[in-house]
Amino acid sequence: MDKEYKVEIAIVRCQTTSTSSGFETVYSTDKALETSIIDTGLVFHYIDASASIIRLISLREKGWFIVSMKPTIGRDGEYRASWVYIPFGVNISGSEIKELLNEIESEIKNEPDEEKMKFIASKPYYGPISVPSINLPEQESYAIRFFGGEDLSLEDILENIIQREHCKYKWVILLQQEDKNLVHGNITDITNTKFYPSTVINPPVDDKNGFDVYVNTKRFSEPIRLLYGDSIHVTWKRKGYADIRKEVHNQTDLHLSKSDIHRLFSINEISIVDKKTKRAFVPGGEARIEVNNVLVQKNGYIEIPIDKWNQVKINIFVPGYKKVCIDLSKIQVGGSLPVCELTPEVHRYTFSIPIDPECGVRDVRYAEFSIESQYKMTGSPIKGYRCLGNIQENKPNDLRQEAKFSVQSQDPYNKNRMNQKGIRFHDPTPPDISNKKSQIKSKKWGKDKLFLIGIGGLIALLLILASIYNKSCSTDKNLDHKEGCAKCESNPDTSWNSALDMLKNCGNVWKEDEFEKYEDLKGVYGIINTYRFKDFANFYAEHEKDLKQIDDWYRLYKYSLEKKYKNGQYSTTGKITISKYLDEVSKLKESSGNVEDRNPTTKGKRRSTDPKLNGTPGDKTSTRKTDGNKPSKKQDNSTNEKYI
C-alpha cells in the first residue's frame with residue numbers, strides 16, 4: 001500500500017527598495033519549509049547575473065530542493081526565486097518535474113498567483129510508506145553540471161537526482177550549454193560523471209531463524225538507501241548462536257543459508273558427573289573435551305555450522321573413566337546438551353612372582369595375584385620388584401626382585417650377599433644365641449683363656465684385613481684406571497628393553513662382556529657357550545614374546561627343543577660367531593642320556609654341567625600346576641644359592 005505525498009512550494013526575493021532591504025519569503029505553502037530557505041546569492045560568484053535563469057539542486061536526508069533563480073537585470077545581487085521540495089520515494093518522472101517547474105517559474109514575481117500555487121501544491125503524489133534516507137557526507141560548497149544538446153537533458157538530471165556527486169556538494173548548479181560562457185571563477189564541473197542507480201534495502205521481515213538484525217549498533221527496522229558502490233555492515237544476533245556478520249550491497253545479500261548459521265556454546269555448559277557419586281568435573285580441566293578429535297581449551301567455545309550438525313561428535317575424557325561421546329545427530333540444533341554421566345574404568349592386572357622353594361610347596365613355582373583398579377598401572381605394585389617388560393592387562397606380568405650389589409655392613413652372617421653376576425646368596429640362618437643349648441657358658445673358661453682367645457681373634461682379624469688389602473693393591477693398574485673412569489660415567493641403561501636392543505643389533509657376534517652389562521642377560525652367554533640347551537629353552541620361554549622377533553634366537557630355541565646335547569664349551573675368547581655356532585648346533589645329534597635331561601619342559605630331576613644350576617640328588621625342581629611354561633628355578637642345597 002502506497003502513501004500519499006505532496007510537494008512544497010515557496011517564492012522568495014532578494015532586493016533593496018525604499019521600504020525594505022535584503023532577503024524575504026513572498027509566499028510558501030508550509031511555514032516549516034521557510035526554516036530551510038536561505039539566501040542563494042553566492043551563486044553570482046560563479047555565474048554572471050545576465051543569465052536568464054539559474055537552477056540549483058540540493059539533497060537532504062529525506063528529500064531534495066530545486067531552486068530556480070531569476071536575476072534582476074541591472075541590479076547586482078538582486079533576484080527572485082522559487083523553491084520546490086520533493087520528498088524521496090515520490091513516484092514522479094523527470095518530465096513531470098520539468099512541467100512542474102515551468103508552472104512554478106512562471107510565478108516568480110513580486111505578487112505570485114496564490115490560488116495557482118495552492119492548486120499546484122495540492123496535487124497528490126504516491127510512493128512507499130517507509131522512505132529510506134540518505135547518509136550525506138561532509139559536503140563541499142558548489143559544483144556545476146551543464147545540460148542541453150543530444151547528450152544530456154534537464155529531464156535526465158531530474159530523473160536521476162540521487163547521485164554520489166550530487167550528495168557531495170551543498171549546491172549543484174544546473175546550467176544550459178549555451179550559457180557556458182557566463183561561468184567565471186573556480187568551480188568543479190561534474191558534467192561528465194555518469195549516472196548510476198541507487199539501491200533501497202529493506203529490513204528482513206519475520207526472520208524465521210529467530211535472529212535480531214542490526215546495522216552497526218542500531219536495530220535494522222527501516223529501509224536504507226545505498227548509493228552505487230556503497231554497502232552496509234549487517235549483524236545477526238541470537239543467544240546460543242555465533243554472530244553473523246555480512247557486508248550487504250543489495251537485498252539479496254540479506255539471505256541466510258544454513259552454512260551461515262553456527263550454533264555456539266561454551267564448554268562450561270556441558271555438565272559432567274560421576275554416574276555413581278555425582279561428583280562434578282570441570283570441562284577443559286579434569287575433563288578433556290574434543291570435538292571431532294580437536295581439543296577444546298578450558299573456558300573455550302564450541303562453534304558448529306548447523307548444516308554439519310549431524311556430523312559432529314563431542315568426546316569427553318576423564319582419567320580413570322570410560323570415554324563418553326555426545327552424538328549431535330540425536331539432539332535438535334536448538335536443544336540443550338544432555339548431562340554426561342561417567343562410568344569408572346576397570347583395569348585388571350595379573351602378576352606372577354617366584355615362590356621360595358624353602359617354603360615347602362614343591363608342586364608350584366610361581367604365585368599369582370590380581371589387582372583391579374579404576375586407573376592404569378604404570379609400575380610394579382610391590383616395592384623392590386620390577387616387571388619384566390611393559391605392564392599389560394589380561395596377561396600375566398612377571399615380577400623380579402631388584403638385584404643391586406651393595407655391602408651389607410650390618411649383616412655379620414652375609415645372609416644377603418651377592419656375587420658379581422647379581423645372584424643373591426642366602427646362607428643358613430645363624431644359630432640363635434638366645435637358645436640355652438647353644439650358649440657357651442663362660443664358667444668353663446678361665447679369665448686367662450678368655451684373654452688369650454680375644455688376643456688371638458684380634459691377630460686373626462688383622463691378618464685377614466692385611467690379606468684383603470694386599471690383594472686389592474695387586475690388581476692390575478689398568479683395571480683400576482678403567483673402573484675409576486667407569487665410576488665417573490653416568491650409569492648405563494641396563495633395562496630389559498636396552499638388552500633387547502643390544503641383541504637385535506649385535507650383528508653376527510655374541511660377546512660375553514656385552515651380555516654381562518645387562519641384569520637380565522647375566523649368565524646367559526655361559527649357557528649358550530656350554531651347550532646348556534635346556535637352560536636356554538627356559539630363558540627363552542620366559543622372554544618368548546620379545547626374543548621370537550630375533551631370527552637367531554628363534555633358531556637356537558628350535559634346536560634346543562630337538563634334544564641336542566654336547567659337553568664342553570664353544571669359545572674360550574668371550575665371543576661367539578653366531579652363524580658358525582648355529583651351524584654346529586644344527587648338526588648335533590640327540591642326547592643319549594636321560595630323557596628328562598634332554599627335554600626342557602620335563603618336570604623332575606635334572607643335572608647341569610654348571611654346578612650353580614644343579615640341585616642335590618634328592619631335590620626336585622617343581623613347576624606350578626597351573627602354568628608349565630614358566631622357567632624353572634635352580635637350587636644347590638650345598639651352597640644355598642637361589643636365582644631370582
Side-chain angles (χ1 to χ4, degrees), residues 1-11 28-30 32-33 36-37 55-68 82-107 115-136 145 147-148 151-169 171-172 174 190 193-205 215 220-232 248-254:
M1 181 177 181
D2 290 341
K3 178 182 177 181
E4 182 180 303
Y5 294 92
K6 293 181 180 180
V7 299
E8 303 293 341
I9 305 171
I11 304 295
S28 68
T29 57
D30 188 353
L33 179 63
S36 300
I37 296 175
R55 298 183 178 90
L56 303 91
I57 58 175
S58 177
L59 273 66
R60 308 299 166 89
E61 289 185 0
K62 296 290 186 180
W64 58 286
F65 286 100
I66 179 166
V67 179
S68 302
S82 64
W83 284 62
V84 179
Y85 177 75
I86 303 175
F88 290 137
V90 172
N91 294 326
I92 186 171
S93 65
S95 58
E96 289 178 309
I97 297 174
K98 181 64 171 58
E99 292 177 3
L100 177 65
L101 288 179
N102 290 337
E103 292 185 21
I104 295 174
E105 289 172 356
S106 65
E107 296 298 321
E115 293 298 324
K116 183 178 180 180
M117 293 293 100
K118 290 180 180 179
F119 176 77
I120 295 173
S122 63
K123 182 179 179 180
Y125 297 91
Y126 296 93
I129 296 176
S130 184
V131 179
S133 59
I134 294 180
N135 293 323
L136 296 173
R145 186 187 285 276
F147 65 90
D151 295 334
L152 186 65
S153 65
L154 179 60
E155 289 87 340
D156 293 332
I157 298 174
L158 298 177
E159 194 159 341
N160 297 279
I161 201 69
I162 302 176
Q163 299 295 318
R164 186 179 301 281
E165 288 74 18
H166 297 167
C167 295
K168 188 177 179 181
Y169 299 93
W171 294 97
V172 177
L174 304 180
I190 60 172
T193 58
K194 296 181 179 180
F195 292 145
Y196 295 99
S198 61
T199 302
V200 176
I201 300 179
N202 296 301
V205 179
V215 176
F220 190 3
S221 57
E222 295 181 354
I224 297 176
R225 184 183 296 276
L226 296 180
L227 300 177
Y228 181 81
D230 284 351
S231 63
I232 55 175
V248 175
H249 298 84
N250 50 56
Q251 193 71 36
T252 306
D253 290 343
L254 289 176

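Worth saying up front: this structure is predicted, and the values here are computed from it rather than measured.
- The heavy-atom pair separating Ser231 from Leu226 by the smallest distance is CA-CD1, 4.0 Å.
- Put simply, the side chain of Leu101 reaches to within 4.5 Å of the side chain of Ser68, judged on heavy atoms.
- In this structure, NZ in Lys6 is found 10.0 Å from OG1 in Thr29, a value given to the nearest 0.5 Å.
- Annotation: ring pair (Phe, Tyr, Trp, His ring centres under 6.0 Å) contacts of Tyr228 (sequence neighbours excluded): Tyr196.
- Two residues are said to be in side-chain contact when any heavy atoms from C-beta on lie closer than 4.5 Å; Leu158 and Phe147 fail this criterion.
- Not counting sequence neighbours, the partners of Val248 by the side-chain contact (heavy atoms from CB on, under 4.5 Å) test are Ile201, Ile232, Val234, Lys246, Asp253, Leu254.
- Closest approach of Pro128 to Lys3, counting heavy atoms only: O-CB, 3.9 Å.
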Can you list, pair by pair, the side-chain donor-acceptor contacts under 3.5 Å of residues 116-123, counting residues two or more places apart and other chains?
| residue | atom | partner | partner atom | Å |
| --- | --- | --- | --- | --- |
| Lys116 | NZ | Ser106 | OG | 3.4 |
| Ser122 | OG | Lys118 | O | 3.2 |
| Ser122 | OG | Phe119 | O | 2.7 |

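- Between Asn160 and Asp156, the closest heavy-atom pair is ND2-O, 2.9 Å.
- Listed by first and then second residue, the side chain to side chain donor-acceptor pair (under 3.5 Å) pairs involving residues 87-100 are Ser93-Ser95, Ser93-Glu96, Lys98-Asn102 (not counting sequence neighbours).
- The two atoms that bring Ile190 and Arg145 nearest to each other are O-NH1, 3.2 Å, heavy atoms only.
- Residues satisfying the side-chain hydrogen bond (donor to acceptor under 3.5 Å, both in side chains) criterion with Thr199, sequence neighbours excluded, are absent altogether.
- Taking CG from Leu227 and NZ from Lys168, the interatomic distance works out to 12.5 Å, rounded to the nearest 0.5 Å.
- With sequence neighbours left out, Arg55 forms a salt bridge (charged side-chain N to carboxylate O under 4.0 Å, His left out) with Glu105.
- Residues Ile92 and Tyr5 form no side-chain contact, since every pair of their non-hydrogen atoms from C-beta on lies 4.5 Å or further apart.
- Partners of Ser58 under the side-chain contact (heavy atoms from CB on, under 4.5 Å) rule, at least two apart in sequence or in another chain, are Arg60, Trp171.
- Applying the side-chain contact (heavy atoms from CB on, under 4.5 Å) criterion to Pro197, with sequence neighbours excluded, gives no partner residue.
- Note that the SG atom of Cys167 and the CD1 atom of Ile161 stand 9.5 Å from one another [nearest 0.5 Å].
- The distance from atom CG of Leu56 to atom CD1 of Ile66, rounded to the nearest 0.5 Å, is 9.0 Å.
- Scored by the salt bridge (charged side-chain N to carboxylate O under 4.0 Å, His left out) test, Arg164 finds Asp230 as partners (sequence neighbours excluded).
- At least one donor-acceptor pair closer than 3.5 Å links the side chain of Gln251 to the backbone N or O of Asn202.
- The heavy-atom pair separating Val131 from Lys62 by the smallest distance is O-NZ, 3.9 Å.
- Ser221 places none of its side-chain heavy atoms less than 4.5 Å from the side chain of Pro203.
- Between atom CD of residue Glu159 and atom OG of residue Ser153 there is a gap of 9.0 Å, rounded to the nearest 0.5 Å.
- Remark: Ser36 pairs with no residue by the side-chain hydrogen bond (donor to acceptor under 3.5 Å, both in side chains) rule, at least two apart or across chains.
- In this structure Gln163 satisfies the side-chain hydrogen bond (donor to acceptor under 3.5 Å, both in side chains) test with no other residue, sequence neighbours excluded.
- Evaluation of the ring pair (Phe, Tyr, Trp, His ring centres under 6.0 Å) rule for Tyr85 yields Phe65 as partners, not counting sequence neighbours.
- To the nearest 0.5 angstrom, Glu8 atom CD is 14.0 Å from Trp83 atom CH2.
- Here the shortest heavy-atom pairing between Arg225 and Ile134 reads CD-CG1, 3.9 Å.
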